[in-house]
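Below: the structure, in structure tokens.
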Amino acid sequence: MTTMTETSARFREFKMPDVGEGLTEAEILKWFVQPGDTVTDGQVVCEVETAKAAVELPIPFDGVVHELRFPEGTTVDVGQVIIAIDVAPGSGDAPAPAADAPVQEPAAEPEAEAEPKGRTPVLVGYGVAESSTKRRPRKGAAAAPEAAAVAAAVQAELNGHGAPAAPTPAPAVPVQGGRPLAKPPVRKLAKDLGIDLATVVPTGKDGIITREDVHAAAAPAASGAPAAVVPPVASAPAVAEAPAVVSDSARETRIPVKGVRKAIAQAMVGSAFTAPHVTEFVTVDVTRTMKLVAELKEDKDMAGVRVNPLLIIAKALLVAIKRNPEVNAAWDEANQEIVQKHYVNLGIAAATPRGLIVPNIKDAHDKTLPQLAEALGELVATARDGKTSPAAMAGGTVTITNVGVFGVDTGTPILNPGESAILAVGAIKLQPWVHKGKVKPRQVTTLALSFDHRLVDGELGSKVLADVAAILEQPKRLITWA
């Protein structure tokens, strides 16, 4: 997708890009520049949060910031212009108009700016509608004063000012292929809320119905009050404030679910009700593993990398997968196939201020212990800084979640969507344990392995969990079984 456009020889616009795997929107978390600031090619101008991660966006050209189109906290659709850059400051050209400002139509339109013959802009999932060869009307044309007057009249009536105006018919809802224009997620939202899209007034670009339009239509219905129809005003700014926290009273606080948290919720619900989960548990003496961790911390070959129990557990799981490769698979619902993976992208669940994310170490099965330690350290540091990229979270095959860091003994983890198994590691505690016929204090932990029963039967799952436990009890098996 092209992320920049030219409004004149002097001004260039930068659009919200698709920063990962078909995402449709992103929230602007922070602007690093303001109007008047000088920027250079490759300079990061803002940080955005998608449904997968927080990502920094660099500008692809030099110039001076002319305008920020959206404030922090606004969710912006992919393809919308978010910033305008003056690439020739001081040239004396007229200022570039904002995206929604009224524009005078020129006497003659350049042929290059005309819409392609017989085509109109379409949404994904809709066919191409036939039309006559003409240029799409610009926003803020002659209809703007009339729309503004209607909006002002309705607002005055709602506020109790002036005499009630005669009912104004709602504008026609643009349709394509016999249906109002709306993206699939918006269409699903309307269905869930019981809203007929044909009755919703669109405010989005090209007459597209947005989430806000659906919620606005649903609000009066929920309260039983008649809806006040306010047609879109072409000259109104496209900026919509989205408060991070909405407090209804002193007794409760409502937090909008969006970005990473929204994606997590949807993924976990989908996973829980799609893959038949089975969880098995084993409690194991990891005293020897803890001794190995202490020794590795003093080993010069491990200098400069972080050594902890998670490192040995990760290596143990990789060895167990090597011994039981059938567990490393995925279910292909469309083709009704089990897809065996001959590589392991090892996911590590990480708690961040924006929610739980699961970046993965690519080709973890090929890494030596020092390489695995280095990769784990980089993964955790990046996640804590909120800089994990969407690519780092894609393509995982098996995951480890360490609930022990919170003092929790064990749990029943939910599979990361598309994966076959997830290993939960509980807290390592000094407990009485029968060792060599005597009760002694030993370092003990509980492991829990959840797996997709379509892919992994009880025997295979038990073998994998037993192998991990055996390695942690006798770490020398990392050598004899590798």
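Everything numeric in this text was worked out from a predicted model, so none of it was measured.
- With hydrogens and angles ignored, the 3.5 Å screen pairs a side-chain donor or acceptor of Asp37 with a backbone N or O of Gln34.
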Donor-acceptor pairs under 3.5 angstrom involving side-chain atoms of residues 471-482: please list them, not counting sequence neighbours.
| residue | atom | partner | partner atom | Å |
| --- | --- | --- | --- | --- |
| Arg477 | NH1 | Ala470 | O | 2.9 |

Donor-acceptor contacts under 3.5 Å from residues 425-434 side chains, at least two apart:
| residue | atom | partner | partner atom | Å |
| --- | --- | --- | --- | --- |
| Lys429 | NZ | Asp409 | OD1 | 2.9 |

Taking it one step at a time, do Thr283 and Val444 satisfy side chain to side chain contact (heavy atoms under 4.5 Å, CB included)?
CA-CA 7 Å; Thr283 302; Val444 176; 3.3 Å; yes
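- Every residue two or more places apart in sequence or in another chain was checked for a side-chain hydrogen bond (donor to acceptor under 3.5 Å, both in side chains) with Thr382, and none qualifies.
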Listing, residues 297-308 side-chain donor-acceptor contacts under 3.5 Å, not counting sequence neighbours, or none:
| residue | atom | partner | partner atom | Å |
| --- | --- | --- | --- | --- |
| Asp299 | OD1 | Asp301 | N | 2.8 |
| Asn308 | OD1 | Leu310 | N | 3.3 |
| Asn308 | OD1 | Leu311 | N | 3.1 |

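- For Asp213, there are no salt bridge (Lys or Arg N to Asp or Glu O under 4.0 Å) partners two or more places apart in sequence or in a different chain.
- Here the side chain of His365 pairs a donor or acceptor atom with the backbone of Val344 at under 3.5 angstrom.
- Between the side chains of Ser462 and Glu280, at least one donor N or O lies within less than 3.5 Å of an accepting N or O.
- Using a 4.5 Å heavy-atom cutoff, the side chains of Val319 and Val468 are not in contact.
- By the side-chain hydrogen bond (donor to acceptor under 3.5 Å, both in side chains) test, Lys362 is found to be paired with Asn360, residues two or more places apart in sequence or in another chain being considered.
- For the pair Leu68/Val45, no side-chain contact is recorded, criterion being any heavy-atom separation below 4.5 Å from C-beta on.
- Checked by atom type, the side-chain pair Thr410/Thr446 shows no donor-acceptor distance below 3.5 Å.
- The CG atom of Leu460 lies 8.0 Å from the CZ atom of Phe451; values are rounded to the nearest 0.5 Å.
- Listed here is the closest heavy atom pair of Thr388 and Pro359: CG2-CB, 3.8 Å.
- For Thr289, the side-chain hydrogen bond (donor to acceptor under 3.5 Å, both in side chains) criterion is met by no residue, not counting sequence neighbours.
- You'll find the side chain of Cys46 reaches within 4.5 Å of the side chain of Ile82, heavy atoms only.
- Phe61 contributes atom CZ, which lies 5.5 Å from atom CD1 of Ile85 (distance to the nearest 0.5 angstrom).
- Taking Glu326 as the reference, nothing meets the salt bridge (Lys or Arg N to Asp or Glu O under 4.0 Å) condition, with sequence neighbours excluded.
- Nearest heavy atoms, Ile357 versus Ala383: CD1-CB, 4.0 Å.
- Residues Ala469 and Val282 approach most closely at CB-CG1, 4.0 Å, considering heavy atoms.
- Looking at Thr287, its side chain does come within 3.5 Å of a backbone N or O of Gln443 through a donor-acceptor pair.
- Put simply, the side chain of Asn324 never gets that close to the backbone of Val327: no donor and acceptor are under 3.5 Å apart.
- Rounding to the nearest 0.5 Å gives a distance of 10.5 Å between NZ of Lys315 and CG of Leu346.
- Evaluation of the salt bridge (Lys or Arg N to Asp or Glu O under 4.0 Å) test over residues 456-467, restricted to residues two or more places apart or in two chains, returns Arg323-Asp467, Glu459-Lys463.
- Looking at Glu295, its side chain never comes within 3.5 Å of a backbone N or O of Leu292 through a donor-acceptor pair.
- Ring centroids of Phe11 and His66 are separated by less than 6.0 Å, placing the two rings close together.
- Note: Lys440 NZ to Asp285 CG = 11.0 Å, rounded to the nearest 0.5 Å.
- Partners of Thr38 by side-chain hydrogen bond (donor to acceptor under 3.5 Å, both in side chains), not counting sequence neighbours: none found.
- Atom CG of Asp363 sits about 7.0 Å away from atom NZ of Lys367, to the nearest 0.5 Å.
- In this structure the side chain of Val380 reaches within 4.5 angstrom of the side chain of Arg384, judged on heavy atoms.
- Side-chain atoms of Glu47 and Val55, non-hydrogen and from C-beta on, never get closer than 4.5 Å to each other.
- Smallest separation of non-hydrogen atoms from Pro89 and Asp86: N-OD1, 3.2 Å.
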Contacts under 3.5 angstrom, residues 390-408 side chains, donor-acceptor by atom type, not counting sequence neighbours:
| residue | atom | partner | partner atom | Å |
| --- | --- | --- | --- | --- |
| Thr397 | OG1 | Asn328 | OD1 | 3.1 |
| Thr397 | OG1 | Asn345 | N | 3.1 |
| Thr397 | OG1 | Asn345 | O | 3.4 |
| Thr399 | OG1 | Glu419 | OE1 | 2.7 |
| Thr399 | OG1 | Glu419 | OE2 | 3.4 |
| Asn402 | OD1 | Gly404 | N | 3.2 |

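- Put simply, CD on Gln340 and OG on Ser420 are 8.5 Å apart, with the number rounded to the nearest 0.5 Å.
- Using a 4.5 Å cut-off on side-chain heavy atoms (C-beta onward), Arg69 and Ile83 make no contact.
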Is there a side chain to side chain contact (heavy atoms under 4.5 Å, CB included) between Val33 and Gln43? Walk through the geometry before answering.
CA-CA 10 Å; Val33 296; Gln43 178 179 338; 3.8 Å; yes
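- Residues Met16 and Asp77 fail the side-chain proximity criterion, which asks for heavy atoms closer than 4.5 Å.
- Legend: residues meeting side chain to side chain contact (heavy atoms under 4.5 Å, CB included) with Glu378, ordered by chain and number and at least two apart, are Glu374.
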Report the C-alpha distance between Ile313 and Leu423 in whole Å, list the side-chain angles of each, state the deciding distance to 0.1 Å, and finish with yes or no for side chain to side chain contact (heavy atoms under 4.5 Å, CB included).
CA-CA 10 Å; Ile313 294 167; Leu423 178 69; 4.0 Å; yes
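- With hydrogens and angles ignored, the 3.5 Å screen pairs a side-chain donor or acceptor of Asp452 with a backbone N or O of Arg454.
- Ala329 and Ile338 get closest at one heavy-atom pair: CB-CG2, 4.0 Å.
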Give the intermediate values and the outcome of side chain to side chain contact (heavy atoms under 4.5 Å, CB included) for residues Ile361 and Leu372.
CA-CA 8 Å; Ile361 300 172; Leu372 187 61; 4.1 Å; yes
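- A 4.5 Å side-chain heavy-atom check between Leu181 and Leu197 finds every atom pair outside the cut-off.
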